[in-house]
Amino acid sequence: MKDRNSTVNLSPIGNCATAALIDHEARIVWWCYPYLDGDPVFCRLLMDEQEDGFMDIVLDRFQRAEQRYRPNSAVLETTLWASDGSGIRVIDFAPRFIQHERSYRPPMLIRRIEPICGYPRLQVRIRPRFSWGSASPRKVMGSNHIRYVGESETLRVTTNAPVAYVAREAAFVVTQPIVFVLGADEIFPADLEETSNRFEERTRSYWFQWCRNLSIPLEWQDAVLRSAITLKLSAYEETGAVVAAMTTSIPEAPHTERNWDYRACWLRDAFFVVRALNLLGATRTMEGFLGYMRNAFALSQDGWLKPVYGLVPSDDLDEVIVAALPGYRGMGPVRRGNAAHVQRQNDVFGAAIMANTQWFHDQRLPEIDKSALFQELERMGEKAVAVALEPDAGIWEYRGRARVHTHSALMCWASADRLRRIALTLRAEDRAAYWSGHADRIRTWIEERTWNAELGAFVESEGSETLDASVLLMADLGFLPPSDPRFVSTVEAIGAGLMRGKYLLRYNHPDDFGEPETAFIVCTFWYVLALHAIGRTDDARAIFIDLLSRRNAAGLFSEDLDPATGELWGNYPQTYSLVGTILCAVALSRPWSEIA
């Protein structure tokens with residue numbers, strides 16, 4: 001029996017301001033309030049077996065549960081059945097729709113419980129924790145609400161259920177729908193049942209229309225749509241940031257200290273998210289991310305970009321250990337913040353520039369001052385070509401060493417190459433020649449210094465004998481054509497050296513925490529794309545189909561996968577992995593013309 005906190009059982013809801021994770025039996029086990037990086041007032045995910053930090057429903061004589069998303073939406077429906085035949089339907093969502101020509105997305109969760117059969121008897125248990133699990137709030141009852149009051153924050157739960165029963169966690173029979181609105185300590189000035197119905201209808205309509213406008217492949221539509229919706233939920237619309245995942249400190253493998261806080265915006269990860277959503281025709285995330293990067297770049301005194309920023313770029317990301325939370329299945333430590341924000345990761349400039357390239361080629365996008373944007377990107381480019389061949393922590397964020405990493409140099413080459421292409425679009429031939437010169441210089445270095453003839457592969461870093469999955473992006477980024485014998489040989493060498501069963505490791509050498517134990521899911525997707533690029537499409541499809549079978553009950557992935565058991569590990573839902581789902585589905589799907 002899987003632990004009920006396992007990522008196998010968690011389904012996200014959200015509205016691009018806040019998000020929560022709900023298990024298969026409708027227990028809310030994770031909710032950072034008020035925003036994606038806030039205090040986890042429901043923190044049961046990181047509290048092991050302690051009976052606190054959640055909201056759930058205890059159905060008398062509970063027998064089984066069923067769960068699904070309402071079609072093409074972020075509205076979750078859980079049905080709980082009792083052994084006497086009675087049952088309830090639980091609807092969970094975060095309101096999101098257009099109101100007064102603005103996006104309405106408050107830091108609010110709405111839960112509606114509907115009796116569907118018999119006379120269900122249940123308890124509602126609401127047990128938030130404050131200050132990262134260290135404080136139990138004081139309950140203050142009102143006529144139709146309960147306030148959970150801490151030293152510096154208050155959560156209000158407004159309901160049409162009998163408040164006395166809820167406050168005492170006493171069982172009662174449900175004969176008509178009851179509603180719970182969780183959010184700010186403000187009076188709810190409307191009828192709860194009517195408002196929740198209307199909010200749900202408008203939220204479902206929003207998501208349905210958003211999905212309807214996507215350009216999706218013929219095959220694997222369910223995987224693509226669920227991945228796309230979840231990527232959208234990972235965007236903090238207020239600033240344009242995109243979090244790498246909604247959680248912190250779920251370890252990459254059992255009983256390891258590879259526990260990180262991913263509730264922040266890595267420019268590299270956000271670039272991949274923007275790219276995947278652009279591929280489906282959803283460009284607004286890119287537009288918001290551009291504004292976010294401008295604010296991030298404005299903080300720099302010397303043109304340097306950090307690899308990761310907070311939801312507000314100036315936020316403090318200093319990494320601290322949270323003592324009050326024991327960790328996922330008791331596997332601490334739990335971390336808040338991420339020390340990667342002080343690292344040098346030279347590939348970040350390529351990610352920033354490439355994320356903006358579409359502005360110069362896509363006529364659907366709003367009018368902007370392209371010359372001004374080009375000048376801004378050129379300033380990033382100057383930094384990229386200056387550091388291209390300098391040591392850094394690399395894409396895998398090594399904490400104990402620095403090298404001149406192939407992937408970092410490759411992304412710096414992409415910085416110069418994309419600026420060359422943009423300059424040609426703007427008919428600035430002199431600037432195109434300038435950036436072409438830098439691209440050629442970096443290309444020569446990569447080809448001469450990171451090719452290992454003995455292995456028949458481009459390797460992790462200058463003079464290395466180590467394989468690294470990130471070099472699989474060479475063809476995708478346009479550095480080499482897929483037909484280049486060196487790329488074909490590299491793909492084959494990586495498959496032989498890094499595959500564990502059907503899944504790919506990032507690398508197989510010891511790092512700061514020993515040798516990796518789990519496969520990094522996006523690396524397997526990169527391998528699938530590389531196999532397809534070199535003409536091994538049947539092999540690519542077989543691996544892709546197998547990997548899709550490893551999604552959890554919500555149709556999503558975390559960061560890592562145990563090759564031996566297929567169990568998911570790492571922070572969740574992981575945007576990198578969902579991007580891989582979309583890119584591979586689009587690349588491998590049969591064309592729509594087959595059914596036209």
Side-chain angles (χ1 to χ4, degrees), residues 7 12 19 36 223-224 226-236 241-253 258-280 285-286 289 307-309 338 340 345 347-348 350-352 354-355 393-397 407-408 411 468-473 476-477 498 503-507 516 518-530 543-544 547-548 550-552 554-561 568-587:
T7 54
L36 292 168
V224 170
R226 185 51 50 198
S227 295
I229 290 170
T230 308
L231 290 180
K232 179 72 171 174
L233 294 181
S234 301
Y236 181 62
V242 181
V243 297
M246 295 176 185
T247 61
T248 178
S249 305
I250 302 180
E252 296 177 14
R258 299 176 192 267
N259 295 7
W260 317 116
D261 189 350
Y262 276 12
R263 302 164 311 127
C265 183
W266 273 258
L267 300 189
R268 176 195 312 114
D269 298 44
F271 155 65
F272 280 104
V273 171
V274 164
R275 181 185 176 195
L277 291 179
N278 285 353
L279 187 63
L280 300 180
T285 301
M286 177 186 64
F289 183 54
V308 57
Y309 294 85
N338 198 302
Q345 297 178 25
D347 68 308
V348 67
M354 292 178 70
I395 184 175
W396 308 127
E397 302 185 341
H407 176 265
S408 296
M411 290 296 284
D468 189 304
S470 64
V471 303
L472 290 170
L473 295 172
D476 186 61
L477 293 172
L498 297 184
Y503 313 111
L504 201 72
L505 303 180
R506 289 175 287 183
Y507 46 81
T518 53
F520 203 67
I521 291 173
V522 75
C523 294
T524 304
F525 284 126
W526 292 345
Y527 183 61
V528 167
L529 290 170
I543 295 173
F544 180 58
L547 191 52
L548 287 184
R550 299 299 185 179
R551 290 176 295 159
N552 70 359
L556 301 171
F557 286 110
S558 60
E559 182 181 44
D560 302 88
L561 186 150
L568 298 176
W569 287 90
N571 282 309
Y572 170 85
Q574 175 71 16
T575 54
Y576 248 158
S577 303
L578 304 180
V579 165
T581 301
I582 292 171
L583 297 182
C584 288
V586 171

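Throughout, residue positions are numbered sequentially from 1 according to the sequence presented.
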Check against side-chain contact (heavy atoms from CB on, under 4.5 Å), W526 and S470 = CA-CA 8 Å; W526 292 345; S470 64; 4.2 Å; yes

State whether R258 and E559 are salt-bridged, where the test is any N-O pair (Lys NZ or Arg NE/NH1/NH2 against Asp/Glu carboxylate O) under 4.0 Å.
-> no

Nearest 0.5 Å please: distance from the [atom1] atom of [X] over to the [atom2] atom of [Y].
X    : Y    : atom1 : atom2 : value
L472 : L529 : CG    : CG    : 9.5 Å
T581 : F544 : OG1   : CZ    : 6.0 Å
L267 : Y309 : CG    : OH    : 6.0 Å
E252 : T518 : CD    : OG1   : 6.0 Å

Worked check of side-chain contact (heavy atoms from CB on, under 4.5 Å) between M246 and L233 | CA-CA 9 Å; M246 295 176 185; L233 294 181; 3.8 Å; yes

Main-chain N/O of [Y] paired to [X] side chain as donor or acceptor, under 3.5 Å:
X    : Y    : result
R551 : L548 : yes
S234 : V243 : no
S577 : S558 : yes

Taking the side chain as every heavy atom from C-beta outward, state whether [X] and [Y] have any pair of such atoms under 4.5 Å apart.
X    : Y    : result
L280 : V586 : yes
I543 : T524 : yes
L231 : I582 : yes
R226 : T230 : yes
H407 : L473 : yes
V528 : L583 : no
W260 : E397 : no
R275 : M354 : no

Could you tell me whether the side chains of W396 and D468 share a donor-acceptor contact shorter than 3.5 Å?
-> yes

Between N552 and Y572, is any side-chain donor less than 3.5 angstrom from a side-chain acceptor?
-> yes

Verdict with reasoning, F272 to V522, per side-chain contact (heavy atoms from CB on, under 4.5 Å) | CA-CA 11 Å; F272 280 104; V522 75; over 6 Å; no

Run through V308, I395, V348 and flag the one making a side chain to side chain contact (heavy atoms under 4.5 Å, CB included) with R268.
-> I395

F525 ring center within less than 6.0 Å of F557 ring center | yes

